[in-house]
Amino acid sequence: MGSRASTLLREEEIEEIKKETGFSHSQITRLYSRFTSLDKGENGTLSREDFQRIPELAINPLGDRIINAFFPEGEDQVNFRGFMRTLAHFRPIEDSEKNKNTSTSEPLNSRTNKLLFAFRLYDLDRDDKISRDELLQVLRMMVGVNISDEQLGSIADRTIQEADTNGDSSISFNEFIKVLEKVDVEQKMSIRFLH
Amino acid sequence: MSPRRGFRHPGSFGSSLPERGLLLLVLIVLLQGSLLPFGAASSPDVGHRDEADVHAEAEEKHNFTKKPFPVLSFEYKHIQVPFEISLWVLLASLMKLGFHLIPRLPGIVPESCLLILVGLLVGGLIKLAGQKVPPVLDSNLFFFCLLPPIILDAGYFLPIRPFMENLGTILMFAVVGTLWNAFFIGGLLYAVCQIQPNNPSDLHSLELLPCLLFGSIISAVDPVAVLAVFEEIHINELLHILVFGESLLNDAVTVVLYHLFEEYSGVGSVTVIDGVLGVISFFVVALGGVLVGAIYGILAAFTSRFTSHTRVIEPLFVFVYSYMAYLSAEMFHLSGIMALIACGAVMRPYVEANISHKSHTTIKYFLKMWSSVSETLIFIFLGVATVDGQHNWNWTFVTVTVVLCLVARVIGVVGLTYVINKFRIVKLTTKDQFIVAYGGLRGAIAFSLGFLLDKRHFPLRNMFLTAIIIVIFFTVFVQGMTIKPLVDLLAVKKKQEAKRSINEEIHTQFLDHLLTGIEDICGHYGHHHWKDKLNRFNKKYVKKCLIAGERSKEPQLIAFYHKLEMKHAIELVESGGGAKLSSAIPSTVSMQNIQPKKPAPAKPEDRVLPKLSKSREEEIRKILRSNLQKTRQRLRSYNRHTLLADPYEDNFGEFLLKKQKMMALDKKIQDMNNYLTVPAAPPDSPTLCRARLASDPQAYSMKPALDSVPTIQVDLASPQSPDSVNILDEFQRSEQAAAAEEGEDDGGLMMKAPTRPHERCNAGEMDAGTREKLSRCLSDPGPHAEDEDEDEPFLP
């Protein structure tokens, strides 16, 4: 870590981030150095272009959506707090946290919040429903260009039909949760931030 | 592995088996004793017939008295070997049948226990009859015939995803755990033996190295036993893959340890150099085995790319390549089990994309059949060999061994889990650890390895064998029988029976991409990053080589979807099949209740079919018959070697042809709407798709009053048995969209979702893909095949 990094990140900030996201001290500093290495403009915030410079993200079918998820509504820059807040969703759930009862608001990396994050990536217009079109868009991104629209449409139809319990031809958040109840989301949506 | 090869004279199998097999036959079928001329054949042996030499003629003239021509003769020797093999296999299979007929037994006692008991019984019977018990658990037989099918079955159907996700844990258990077990047991046994007083009991003379050798033999968890027991308890996937994966991967460790100690126990000491060489050897054995398996797997995948014209031998390639992988690995003293697993796992995704559906089913059932028979035979032979073996019972040795095995296992698992949990996202709980420890069963591999020991180098071989057998019995009987109640008692999570839905598949892939992206943002080259790279490499280069034709570009999601649809369609046909076939006559009721067999929890609809009045049917049928074209049915000559062509692989041109025909037909249907006296159905959504049955695809369905219920209307009113399904391709739908009236519909097999205003019909399921697949399944042409409307180019 360069001296530049340590002067820009104060202890109080680290404490606040720790409380908010649950990351440990070393994880926060490590991620801060990553943040600064991405921040080519050196202004303490990241823009979309900074993200797009990451080569692997360009070939990721969901790349754009992931980048957008970092930026709050309507803004073009994200600071370190926001960066960490988004990444906090992917922290592994620890056993100690599992046992805590939800007297306080749920931590950012609870199962529900993880699923909510994923749900928001589908649901671009934020109407709390994944409509057929939104699903089609995602399918098209994942599947590539060789598959016909009709085929994709039938897959989308089938998907919605399987998940839809209240008959509104779209997948609400609760239906989304229900469909994924057998999938081990805690493991799937966690990244081991090794020291 | 050298011990497994060249063991005994190859002829031993045949010549040392006496008429015991015949005796067994007597016991089973209660033949008369007079049919048993032991060893004596009343007619000249076939083999000796050639020896009627010229110069022996003189003697022959003296010996050869004229006997009446034998009308019926009995000669056992020349069919003895195959006969006895078949008899054993038959016995095994009958036993398996029998167990499941007894009402409550399979729930209480695992099959493996029962089979061992049967083996004991049979062995006992043979001994009672005074015959010599054949050395059935001959190591050659075991390692070359009985073990490979089981391992191949396991490897081919290995769930790759959970295996790879838990690979670190599995390897820790397999390698470190087995090493710990071996050294702990061997070392403590030696200590116990040393403290034995130097009395006539030969324990004191047991050296350290033979002890360690024994420890390494007994320490390995056995895949056969684990499979046999865990199959029945339906435990959750994670635990299953942990214990099972461990049992597979510890083969490499066992091989190296066994060799090492066997080689050097003659010499009496192991130096550090040997130890280092042993470690290197371990890597060579393990990685070499995997490499050999992977090479054969790729060869098999490549071969399957070209089998589109000779579908019948496709399964053969899978089996032969895998077996050769096993043998090749054994040839180099590498781990044959790991080669087999690697071969199966590598070839599977590519082979399955290339082969036909029928070959896929064949492979699946053959593997299951062989592995099932093998497993049964292994347990029976264990029982027989127990009766036969020359035992050297030593209380101390045996009890100490059993106790040490348990203790070592528990300590090993607990210790390793403590370390592993630091690196796992989903930690292993105490319950999990208990099951993993308790599931460490020993089995026939340990016995066979012990059997191979040379008596000259290991004077206490019989004692070892006795102890091994007791440990096996203990683990299989005690642990095997109690694990099920314990699983229930501890409320361990069970396997979820429901199949993977398309939702799960889509979302899982979605999450994969998401996580890969996040990892890239963090700059963290983790699990997802490498998996993504591998997938990309696979898609870009490997699939192009190994998968034939268009399938190579098919994304995984689409392939999954097609498979799902096909399964669904097959189930549909099967559940409705009984009813369908019985009504080839027009006057029968055309609507049947079709209940899908699977509980289908996710599906909101029920399928209930209302009845269609016969007079209406007749009317419609008349109209249709007079108006529809009839195309010539292409007849095919029957050839044993041809299979139904795979419709998925037919060229696109045929599709276009059918599409045009369909369009023409549909125009006609729309015109005919006017002739209907029945109320037209409420307009369906434009994406209505349907499968049409061959004969009168345009039988009009009566929209029942039950609009709230999705209906499957199987119109069997056609004169021909509607067994072939017309392909309606998806372009059809856009035509429908343009149609003003969607009223009619077709008959035959149609699925509708409840016709709520915005509802998409669940005929989304029956799209082109399904229909193609449906046609693949239905193979009988109707009685009036030439009247069929549509070409069925892929059905004879």
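Values reported hereafter were calculated over all heavy atoms of this structure, with side chains retained and with hydrogens, waters and symmetry mates removed. In the text below, chain A, chain B and the rest are named by the order of the sequence lines, each starting its count at 1.
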Exercise for the section: Answer with side chain, backbone, both or neither: which region of Val138(A) has an atom nearer than 4.5 Å to a non-hydrogen atom of chain B? Expected result: side chain

Practice task
Examine whether an atom of Ile59(A) lies under 4.5 Å from a heavy atom of chain B, and if so say whether it belongs to the side chain, the backbone or both; otherwise answer neither.
Solution key: both

Handout entry: Sidechain N-carboxylate O distance under 4.0 Å for Lys567(B), Glu571(B)
Key = no

Fill in the blank from the handout: Most heavy-atom pairs under 4.5 Å with chain A, out of Asp512(B), Leu511(B), Asp532(B), belong to Leu511(B)

Fill in the blank from the handout: Greatest number of non-hydrogen atom pairs under 4.5 angstrom with chain B, of Ile54(A), Thr165(A), Val179(A), falls to Val179(A)

Practice task
Using the ring of Tyr418(B) (Phe, Tyr or Trp, six-membered ring only), decide whether Lys422(B) places NZ or CZ under 6.0 Å from its centre and within 45 degrees of its axis.
Solution key: yes

Handout entry: Value rounded to 0.5 Å, distance of CD1 in Ile521(B) from CG in Leu38(A)
Key = 8.0 Å

Exercise for the section: Apply side chain to side chain contact (heavy atoms under 4.5 Å, CB included) to the pair Phe70(A) and Leu46(A), showing each step before the final yes or no. Expected result: CA-CA 10 Å; Phe70(A) 278 89; Leu46(A) 291 178; over 6 Å; no

